[in-house]
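The chains referred to below are lettered A, B, ... by the order of the sequence lines, with proteins before strands, and numbering in each begins at 1.
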Protein chains: 4
Amino acid sequence: MPDAYTPRPEDKFSFGLWTIGNRGRDPFGDVVRDSLAPLDAVAMLGEIGAWGVNLHDNDLVPIDATPAERDRIVNDFKAACQRHGVVVPMATVNLFFDPVFRDGAFTSNDANVRSYAVQKTMRAMDLGAELGARIFVLWGGREGTETDACRRPDVAVKRLREAVNYLCEYSIDRQYGFTFALEAKPNEPRGDIYMATTGAYLGFIATLDHPDMVGVNPEVAHEQMAGLNFLHAVAQAWEAGKLVHIDLNDQAPGRYDQDFRFGSANVKAAFWLVKFLEDVGYAGPRHFDAHAYRTEDREGVKDFARGCMRTYLILRDRAKHWNADAEIQSLLAETGTNDSTRYSPAHRDQLLGRPFDRAGLARKGLAYERLDQLTMEVLLGVR
Amino acid sequence: MPDAYTPRPEDKFSFGLWTIGNRGRDPFGDVVRDSLAPLDAVAMLGEIGAWGVNLHDNDLVPIDATPAERDRIVNDFKAACQRHGVVVPMATVNLFFDPVFRDGAFTSNDANVRSYAVQKTMRAMDLGAELGARIFVLWGGREGTETDACRRPDVAVKRLREAVNYLCEYSIDRQYGFTFALEAKPNEPRGDIYMATTGAYLGFIATLDHPDMVGVNPEVAHEQMAGLNFLHAVAQAWEAGKLVHIDLNDQAPGRYDQDFRFGSANVKAAFWLVKFLEDVGYAGPRHFDAHAYRTEDREGVKDFARGCMRTYLILRDRAKHWNADAEIQSLLAETGTNDSTRYSPAHRDQLLGRPFDRAGLARKGLAYERLDQLTMEVLLGVR
Amino acid sequence: MPDAYTPRPEDKFSFGLWTIGNRGRDPFGDVVRDSLAPLDAVAMLGEIGAWGVNLHDNDLVPIDATPAERDRIVNDFKAACQRHGVVVPMATVNLFFDPVFRDGAFTSNDANVRSYAVQKTMRAMDLGAELGARIFVLWGGREGTETDACRRPDVAVKRLREAVNYLCEYSIDRQYGFTFALEAKPNEPRGDIYMATTGAYLGFIATLDHPDMVGVNPEVAHEQMAGLNFLHAVAQAWEAGKLVHIDLNDQAPGRYDQDFRFGSANVKAAFWLVKFLEDVGYAGPRHFDAHAYRTEDREGVKDFARGCMRTYLILRDRAKHWNADAEIQSLLAETGTNDSTRYSPAHRDQLLGRPFDRAGLARKGLAYERLDQLTMEVLLGVR
Amino acid sequence: MPDAYTPRPEDKFSFGLWTIGNRGRDPFGDVVRDSLAPLDAVAMLGEIGAWGVNLHDNDLVPIDATPAERDRIVNDFKAACQRHGVVVPMATVNLFFDPVFRDGAFTSNDANVRSYAVQKTMRAMDLGAELGARIFVLWGGREGTETDACRRPDVAVKRLREAVNYLCEYSIDRQYGFTFALEAKPNEPRGDIYMATTGAYLGFIATLDHPDMVGVNPEVAHEQMAGLNFLHAVAQAWEAGKLVHIDLNDQAPGRYDQDFRFGSANVKAAFWLVKFLEDVGYAGPRHFDAHAYRTEDREGVKDFARGCMRTYLILRDRAKHWNADAEIQSLLAETGTNDSTRYSPAHRDQLLGRPFDRAGLARKGLAYERLDQLTMEVLLGVR
């Protein structure tokens with residue numbers, strides 16, 4: 001039965017085909033669930049109230065499909081999306097599953113592999129554009145090393161730049177209107193992956209031919225794997241106008257890629273994230289790049305997907321409470337305002353001549369323990 | 001007695017006053033060594049063959065020194081540097097020790113603290129310039145949070161930008177000729193530090209008023225704390241023309257900030273790093289930002305400092321062997337060359353029409369196990 | 001004003017003198033708070049509703065106090081405890097602050113240091129016994145290495161055993177009635193600390209002369225630093241009858257020792273922990289080994305301490321809800337019961353001959369996503 | 001061509017069938033190598049000079065083989081082992097690949113699954129015994145949780161104990177003469193695995209019916225994943241008489257399970273380990289539980305396996321040099337000797353009355369920086 005935490009289209013919740021279709025294979029175990037055909041996946045998403053579906057090229061079209069097969073599959077998929085009221089906000093390309101990419105795609109030492117990767121991405125862009133996507137995610141999961149003997153890492157950066165520049169031109173040429181969203185990850189499936197953090201990609205974007213066409217797709221698990229504060233990465237991207245897309249899931253630090261249900265590993269971090277996205281008015285998709293535990297059957301997959309959305313909505317509600325809490329706001333008021341200063345000789349001299357009461361400034365209690373405890377109590381629903 | 005691994009000035013080895021002067025205090029224990037006066041530190045660095053000495057303002061000049069005391073101290077220090085043949089390539093500012101900075105400096109919620117931090121940095125720049133430094137490092141060790149309740153992280157980014165922009169203007173105004181080197185760290189002493197990685201700073205620099213005046217100062221320990229591949233961060237910075245300075249030390253991942261002797265925790269990572277710096281012709285200082293174990297007396301501190309330099313030189317020698325090893329080079333030759341491709345309609349069509357033998361490309365063994373094992377054997381001195 | 005989450009003596013909440021007295025020194029910064037005299041600390045604990053106070057010998061008695069000074073201090077402290085209705089359930093010994101312990105105490109290479117450490121512990125036991133403590137915690141924070149060159153680790157184990165055996169004899173001899181609680185930590189302040197996990201100590205205890213007198217004191221932060229599941233360590237200790245004491249605080253994995261307010265870093269982990277302690281009927285102290293942020297003044301320290309207790313009580317309340325939730329209980333009912341099997345030739349043959357429907361057993365969805373999502377909703381107070 | 005680092009049978013190097021037969025599947029990518037039939041694997045091991053081969057039941061016998069098929073396969077395998085001069089020192093059971101074990105085997109909530117797991121292990125013991133193995137490894141890779149809602153962890157411990165006790169009885173009953181070696185891992189493929197560390201198993205063993213029949217099988221990667229010092233875990237197990245088997249490989253901390261070539265991630269840690277095993281006279285198998293990079297073909301797999309053994313032998317050689325280095329030995333001599341003390345009233349009084357020169361003891365430099373730097377230079381082959 002619907003309640004305050006029932007998803008609506010305007011919440012912009014999306015799932016990848018690969019997420020609800022995940023079959024539960026892992027490095028030590030076999031698949032545990034039957035495959036979920038794309039048309040059934042779209043139906044499931046419609047049923048549970050999701051707004052969008054995302055996909056890698058090969059989530060929908062087999063890597064060796066003929067053009068005719070491809071077209072039939074795509075048409076059926078478009079019809080299903082329409083039937084179930086589901087849109088395709090984002091598309092991406094699989095440059096990691098096939099053994100041809102075992103040592104990278106855009107950064108492979110083999111020029112043929114690099115070329116094939118670019119070709120495959122162009123076709124994935126054709127597909128995404130046809131399905132109506134305006135965001136194209138690039139995750140270079142195999143762009144990395146187990147031993148740095150194999151290639152100088154600055155060479156890898158150059159190769160990566162060349163590929164992204166080329167793909168930007170292709171989008172312009174075809175008038176696809178894509179914004180690219182680069183997705184970082186520190187490791188797994190490679191020992192180390194180039195462009196390990198969202199920050200690294202923000203630095204990389206500044207060196208591209210069309211930086212305005214390119215932003216980032218931060219993923220909770222990918223920053224948290226390295227123990228980094230995900231909110232800080234998202235905020236830097238947002239402040240730089242580069243938050244194009246976001247992958248929501250959860251993850252304990254210092255582990256294999258867990259892709260847990262959103263909010264289930266560190267709900268406080270999830271709270272700050274939801275609060276930030278809502279406070280700043282992020283208008284892009286809320287994409288859940290997660291999958292159900294291997295213990296689940298088809299019903300469990302729905303529980304998982306519903307749980308992702310419910311937790312987001314509960315946390316959004318909690319964020320509203322936090323913003324409306326008088327004591328919290330009074331404590332925040334004391335955290336001061338900004339005074340913008342611009343350099344000038346006069347300001348310079350004034351600043352250099354200004355005395356400061358260092359000990360006095362150091363003495364004041366900042367009441368952050370209180371502020372954080374109040375946050376916990378809002379989060380836990382006791383105020 | 002001198003050998004092939006004895007440091008020479010052209011090696012550009014530098015140490016911070018705070019490194020050899022470290023007294024061994026830690027969160028659970030008291031100081032274990034007497035303080036080392038700056039003049040004695042310079043003498044020690046001369047004795048062990050270092051080229052340069054770096055300093056925070058308060059490593060040399062107490063925070064509450066009068067102008068006259070300050071001038072006397074600085075003059076004595078300059079004389080000592082000259083006497084011992086030691087230069088000052090880099091200066092920095094301490095924005096973390098005094099309680100006034102307990103909640104940050106440039107990003108503090110208190111506008112007075114922010115202003116004081118800028119003033120203090122300007123004076124540290126005056127000091128650095130007077131001592132001949134042309135690199136100014138900014139490490140925002142307290143710019144962070146234990147709870148994200150206290151401030152929105154995008155506000156912190158704006159405050160940080162404002163401060164760095166102001167300081168760039170000051171350097172221009174005073175004709176100091178500084179290049180700023182921003183130093184990232186993920187956490188400690190704060191729960192989370194803003195600008196957690198070198199990559200984050202590369203992204204940040206692109207948003208500054210004078211990006212050309214600003215680069216990075218990556219530190220081994222600070223990336224390795226988060227389990228990140230330090231070489232990859234350094235290579236990205238180098239490739240972007242942003243590698244201004246480097247902090248060499250060592251660190252086990254997922255730990256407190258250890259600042260161990262260079263190469264002592266992960267010698268293979270140190271090898272790739274030295275090889276990269278030498279191969280690309282990095283011409284800046286090799287700064288050791290490390291300190292001796294608490295078990296050491298003054299002699300042990302010298303052992304520590306000499307060890308940092310020796311290990312660098314041994315690894316530089318090993319890198320030469322690696323580059324000269326015929327089997328290694330023959331394996332590398334197979335890793336292929338680059339073919340630069342520029343987008344054009346013609347190239348587009350050619351690429352889209354090109355068939356690829358995916359299975360064939362996937363079949364070839366890349367011999368990276370052999371390559372890496374040969375690396376181990378070069379490193380261990382058995383070939 | 002008191003509410004459902006106001007602490008009462010029967011909750012057995014205790015704090016160490018060093019926790020509320022923490023002055024906020026860290027590796028990069030000076031003290032930020034005045035020292036808190038033990039008598040004032042006891043008064044503060046009484047005021048905020050704590051039940052007990054714990055201490056290292058030198059938290060109360062300076063390391064160089066004369067016997068007369070020591071006796072006066074102890075008498076004053078006992079009077080204060082009585083006055084404020086605070087008991088001393090646990091005592092411990094500081095074998096880490098003084099430089100004499102820079103390379104360990106019981107495992108030091110220096111036989112004199114080892115002897116001094118045992119002597120100091122005996123006196124700390126005298127002190128603890130005099131104050132009424134029946135639990136004696138041993139945390140070997142300096143028993144470790146930065147380089148394994150310095151000592152063979154099996155030698156360290158032998159030295160540690162010898163010390164603990166000796167101290168057990170001393171407790172028996174003096175009829176102190178102590179149960180020892182060994183506290184593990186993986187690293188910091190040493191590069192690596194021997195007996196890195198609670199599990200390691202459980203293994204060690206089995207090799208002692210008096211295993212029945214010795215258990216463990218697991219600390220949230222110390223297991224979570226290594227990314228380990230604290231609940232599992234506590235449960236193993238409990239199940240073995242070895243959970244003598246517990247240190248509650250919080251910590252992000254893969255970081256420096258944060259000692260955050262209980263529940264503030266990972267509230268879900270804290271929830272499972274509280275639920276376990278309450279479900280099994282753990283009757284020992286709930287000791288908060290944490291400290292306030294450096295941003296806090298004296299009032300903030302109280303906020304911190306109150307927050308530890310409130311969060312415990314909120315989570316205890318949530319655990320009751322969880323246990324009473326019909327849907328959760330119905331899902332748990334399906335998780336099956338235990339059938340104890342004892343080996344016999346007959347059972348062997350029966351088991352070897354029994355057919356199993358492997359595919360059938362694998363097909364059933366276990367509904368753990370649902371179970372965990374319901375947990376989240378109980379935790380967040382929306383059911 | 002053979003050299004000083006060519007393996008010989010007396011080195012007791014063994015590989016699992018699953019290691020050299022690893023096909024390179026990972027969570028994001030498909031298999032990259034053809035399957036390697038067990039008979040071919042044995043031939044390969046003979047060719048490269050390995051001494052032993054280990055196996056899970058299903059590495060050799062398919063899970064659904066008929067008894068007749070099973071017997072034929074086993075006979076062929078025994079013949080191949082004899083033909084290639086390879087022994088089977090250890091056997092184990094696969095309780096993780098089949099979906100039936102998706103929520104654990106011995107600790108599953110489903111009593112049928114638990115029974116099936118015990119039955120399957122009994123048959124794997126039959127197989128191991130038939131092949132001549134005297135060590136039986138139990139790795140409970142699926143004994144864990146993603147959410148602690150699903151089962152109380154003390155219940156899991158009880159179930160695990162019951163299974164191990166049962167299997168000990170079976171070994172006694174059948175006169176198999178097995179020693180069990182329990183293998184810990186903190187996480188992956190489960191969110192958290194029970195008995196996360198070797199220490200946890202040492203504690204568990206003490207609670208078994210036949211502790212004398214059970215020891216541990218520590219694995220480099222499994223302790224290093226959690227950032228723990230592997231040597232310390234091995235040393236504790238050795239000192240307790242519980243080091244039955246060892247799994248050699250390599251791993252960066254805080255990552256997915258990498259199973260890299262021995263010594264390739266942290267060669268200094270590998271050096272201390274080899275030195276310890278050789279110094280104490282560990283006489284069991286040196287088992288490499290690792291696999292080749294996905295970039296490798298069949299030849300690359302041989303390079304990988306040879307590299308494991310070569311690195312071990314190089315490090316063994318370095319350890320001899322270290323032990324023979326006069327300066328190192330002279331520094332070690334200063335690390336002092338042990339004086340065993342036994343408690344008595346007389347010793348108590350003597351110790352309590354003994355004065356200690358705390359400052360004097362604290363003043364002495366311990367020269368560990370020198371000792372560690374000399375170690376680095378021995379390791380790198382420059383002394």
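- Looking at Met195(B), the atoms closer than 4.5 Å to chain A (heavy atoms on both sides) all sit in the side chain, from C-beta outward.
- In terms of heavy-atom pairs under 4.5 Å with chain B, the best-connected choice from Asp103(A), Val113(A), Asp64(A) is Asp103(A).
- Considering all non-hydrogen atoms of both residues, Ala149(B) and Leu332(A) come closest at O-CD2, 3.4 Å.
- The part of Arg151(B) that comes within reach of chain A is its side chain, from C-beta onward, which places non-hydrogen atoms under 4.5 angstrom from that chain.
- No other option in Thr198(A), Thr207(A), Leu231(A) has as many heavy-atom pairs under 4.5 Å with chain B as Leu231(A).
- Residue Asp148(A) touches chain B through both its backbone and its side chain, counting heavy-atom pairs closer than 4.5 Å.
- Of the two parts of Tyr170(B), the backbone and the side chain both hold a non-hydrogen atom closer than 4.5 Å to a non-hydrogen atom of chain A.
- Between Arg348(A) and Asp173(B), at least one side-chain N (NZ, or NE/NH1/NH2) sits under 4.0 Å from a carboxylate O, which counts as a salt bridge.
- When Glu223(B), Lys268(B), Gln119(B), Arg363(B) are compared by the number of non-hydrogen pairs under 4.5 Å with chain A, Gln119(B) comes out ahead.
- The part of Phe356(A) that comes within reach of chain B is its side chain, from C-beta onward, which places non-hydrogen atoms under 4.5 angstrom from that chain.
- Side chain of Glu239(B) to backbone of Val157(A): no donor-acceptor contact under 3.5 angstrom is found.
- Among the candidates Leu351(B), Leu374(B), Thr147(B), the residue making the largest number of heavy-atom pairs closer than 4.5 Å to chain A is Leu351(B).
- A heavy-atom distance below 4.5 Å is found between the side chains of Arg354(A) and Asn112(B).
- Residue contact with chain A, scored on non-hydrogen atoms closer than 4.5 Å, involves the backbone and the side chain of Arg358(B) alike.
- The parts of Ile63(A) that come within reach of chain B are both its backbone and its side chain, each placing non-hydrogen atoms under 4.5 angstrom from that chain.
- Interface remark: Lys275(A) contributes no atoms to any contact with chain B (heavy atom separation under 4.5 Å).
- Only the side chain of Arg161(A) comes within contact range of chain B, judged by heavy atoms closer than 4.5 Å.
- Between Cys150(B) and Leu371(A), the shortest heavy-atom distance links the atoms CA-CD2, 4.1 Å.
- Annotation: maximal heavy-atom pairing with chain B below 4.5 Å, among Thr197(A), Leu167(A), Ile205(A), Leu361(A), occurs at Leu361(A).
- In this structure, a donor-acceptor pair under 3.5 Å is present between the side chains of Tyr368(B) and Asn109(A).
- Asp279(B) contributes atom CG, which lies 9.5 Å from atom CG of Asp154(A) (distance to the nearest 0.5 angstrom).
- Interface remark: of the candidates Trp238(B), Phe204(B), Phe276(B), Phe276(B) forms the most heavy-atom pairs closer than 4.5 Å to chain A.
- Side-chain atoms of Arg123(A) come within 3.5 Å of backbone N or O of Leu352(B) as a donor-acceptor pair.
- Asn229(B) pairs with exactly one of Thr145(A), Asn187(A), Asp192(A) by the side-chain hydrogen bond (donor to acceptor under 3.5 Å, both in side chains) rule, that one being Asp192(A).
- The choice from Gly203(B), Ala362(B), Ala240(B) that makes the most heavy-atom pairs within less than 4.5 Å of chain A is Ala362(B).
- Ser108(A) contributes atom OG, which lies 7.5 Å from atom CG of Leu366(B) (distance to the nearest 0.5 angstrom).
- The candidate with the highest count of non-hydrogen atom pairs below 4.5 Å against chain A, out of Asp98(B), Thr375(B), Leu228(B), is Asp98(B).
- For Phe101(A), no part sits under 4.5 Å from any heavy atom of chain B, backbone or side chain.
- Annotation: maximal heavy-atom pairing with chain A below 4.5 Å, among Glu369(B), Arg102(B), Glu169(B), occurs at Arg102(B).
- Between His232(A) and Tyr194(B), the ring planes are tilted. Angles from 30° to 60° get that label.
- Per-residue counts of heavy-atom pairs under 4.5 Å with chain B were compared for Glu146(A), Met122(A), Lys120(A), Lys242(A); the largest is that of Met122(A).
- When heavy atoms are compared at a cutoff of 4.5 Å, Arg174(B) approaches chain A solely by way of its side chain, counted from C-beta outward.
- Listed options Gly360(A), Pro253(A), Ala226(A) were ranked by heavy-atom pairs under 4.5 angstrom with chain B; first place goes to Ala226(A).
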